[in-house]
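Since the model is a prediction, treat every value here as computed from it, not as a measurement.
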Amino acid sequence: MLTAKSSDWLAVATLPFIVAQNVTGVYWTTIGLGKHISLVSPDNIVKGLLLLYADYPLYDTAISLPRFSALLFYARVFNAHSNRLLRTVLWTTAALNMAWLIFAIVSSIFQCTPIEKVWKPSIQGHCINTYDWWMSSAISSVIIDLIILLIPLPILWKLQLPPLRKYLLLGVFVCGYCVIVISIGRLVADIKAGPALVEDFTYNVVPITYWLSLEAPVSIVSICLPSIFSFIKRGIQGGPYSLLTSKNEASLHFNEQRGDITAYQGEGLGGLHGGETSIERLYINERANQHSATAFKSHSSESSQKDAEELAMDAIRVRQDLNVSVQ
């Protein structure tokens with residue numbers, strides 16, 4: 001069963017890789033990164049290339065785990081177990097991402113023969129073309145990010161919503177995977193560097209490292225946007241104290257056959273509201289030639305009391321062909 005924690009734990013697992021990646025990058029700046037290679041001592045060149053060698057698998061893992069997290073989020077929100085096409089697309093994209101990760105790590109480990117030539121370029125042996133390798137990695141990474149970005153858009157487009165509402169909803173999901181902007185930025189930096197990248201590596205690689213350092217953290221922020229919005233909303237409605245005293249779990253559910261998105265908002269025991277659980281739903285249903293939109297908000301407590309509360313009608317905009325009822 002897919003829960004909110006399935007994707008959250010993948011996001012958490014990314015953090016050690018991000019920290020390690022940035023630690024190696026910061027240390028490299030103290031021994032020559034950012035300087036022309038002619039000004040860097042041979043010993044520090046070796047140390048820098050060793051740091052870069054260690055950084056490859058850290059970076060590859062740090063940008064791949066958030067992709068898996070995003071796919072799990074889609075599977076849960078859009079009810080993939082009842083949608084064969086969506087399930088196939090998600091599994092195919094996950095397999096593509098896994099293949100990319102394996103290729104990236106294996107090729108980084110065995111980029112030179114012998115391996116020691118990676119950080120000791122002067123010894124006998126041969127290496128793959130660094131620029132071509134970086135370009136192939138960047139292009140394939142952008143393609144995977146673009147696929148993940150596009151997956152939910154056709155489903156969202158089918159929702160029977162007013163145009164403004166639909167565009168806002170699409171915008172939320174697009175912003176929720178805005179890491180593709182960083183991926184494209186990295187690709188552009190690679191193209192600008194060109195084959196001269198390897199000629200003065202410690203200096204020419206700097207613009208690329210800016211994008212590499214941003215990609216994984218932005219991925220984490222992107223996939224956490226729904227939780228961040230929920231966190232902010234809770235703080236506004238319940239005050240700062242509610243963020244410290246209540247356990248808040250939120251989830252979304254999408255039913256393609258009915259055409260509805262359901263948001264579940266739960267509060268743990270000992271919370272500010274006495275352990276209540278609230279469910280907010282917005283149903284956009286299509287039956288025959290008639291459309292109906294139903295919005296309701298319910299509260300349940302330990303005493304099994306159920307009190308209906310009227311929703312603010314300015315929160316819903318409905319076309320003339322829709323009937324609205326509040327329960």
Side-chain angles (χ1 to χ4, degrees), residues 1-18 20-21 56-109 133-134 136-158 170 172-184 186-187 212 214-228 250-257 261:
M1 180 179 179
L2 294 175
T3 64
K5 294 182 179 179
S6 302
S7 56
D8 291 344
W9 278 116
L10 278 175
V12 172
T14 309
L15 294 178
F17 296 96
I18 295 177
Q21 177 194 353
Y56 283 131
L58 296 175
Y59 164 78
D60 296 332
T61 305
I63 66 172
S64 295
L65 290 181
R67 291 171 181 164
F68 288 122
S69 179
L71 294 174
L72 282 175
F73 175 77
Y74 290 163
R76 176 170 53 86
V77 171
F78 298 113
N79 198 14
H81 71 273
S82 62
N83 187 325
R84 183 176 180 180
L85 177 60
L86 176 62
R87 189 167 63 249
T88 301
V89 171
L90 292 176
W91 274 109
T92 302
T93 308
L96 184 63
N97 186 46
M98 178 60 73
W100 183 93
L101 177 60
I102 294 173
F103 168 78
I105 292 179
V106 172
S107 62
S108 67
I109 294 174
W133 177 45
W134 279 40
S136 62
S137 174
I139 292 173
S140 56
S141 180
V142 169
I143 292 174
I144 295 174
D145 284 336
L146 182 61
I147 293 173
I148 295 176
L149 175 67
L150 295 177
I151 286 175
L153 301 189
I155 302 175
L156 296 173
W157 188 256
K158 294 178 182 179
L170 289 170
V172 168
F173 274 81
V174 169
C175 291
Y177 203 69
C178 60
V179 68
I180 191 172
V181 176
I182 308 299
S183 299
I184 294 174
R186 173 203 169 190
L187 177 58
L212 295 176
L214 284 172
E215 193 166 358
V218 171
S219 296
I220 292 295
V221 174
S222 296
I223 62 178
C224 290
L225 277 180
S227 298
I228 293 173
S251 64
L252 300 173
H253 179 71
F254 176 85
N255 189 305
E256 186 174 16
Q257 292 180 346
I261 292 181

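Residues L58 and A20 approach most closely at CD1-CB, 3.7 Å, considering heavy atoms. When every heavy atom of A62 is checked against every heavy atom of T14, the shortest pair comes out as O-CG2, 3.2 Å. For the pair S222 and V179, the tightest heavy-atom approach, listed with the atom from each and the gap, is OG-N, 3.8 Å. Residue H81 comes nearest to R87 through the heavy atom pair O-NH1, 3.0 Å, listed as atom of the first residue, atom of the second, then distance. In this structure, T61 and P66 approach most closely via the heavy-atom pair O-CD, 4.5 Å. Here the closest heavy-atom approach between residue S108 and residue P57 is recorded as OG-CD, 4.3 Å.
Within the model, atoms CE of M98 and OG1 of T93 stand 13.0 Å from one another, a figure rounded to the nearest 0.5 Å. Rounded to the nearest 0.5 Å, atoms CG (L72) and CG (L10) are 6.0 Å apart. Note: L71 CG to I148 CD1 = 4.5 Å, rounded to the nearest 0.5 Å.
A search for ring pair (Phe, Tyr, Trp, His ring centres under 6.0 Å) contacts involving W133 returns Y56, not counting sequence neighbours.
Side-chain atoms of S141 never come within 3.5 Å of backbone atoms of S137 as a donor-acceptor pair (strictly under, hydrogens ignored). Looking at Y74, its side chain never comes within 3.5 Å of a backbone N or O of L86 through a donor-acceptor pair. A distance-only check finds a donor-acceptor pair linking the side chain of Q21 to the backbone of L212 [under 3.5 Å].
Of the residues V142, L96, N97, the one that meets the side chain to side chain contact (heavy atoms under 4.5 Å, CB included) test with I147 is L96.
Identified under the salt bridge (Lys or Arg N to Asp or Glu O under 4.0 Å) test for residues 63-74, with sequence neighbours left out: R67-D145.
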Walk me through it: do L156 and F78 pass the test side-chain contact (heavy atoms from CB on, under 4.5 Å)?
CA-CA 10 Å; L156 296 173; F78 298 113; 3.9 Å; yes

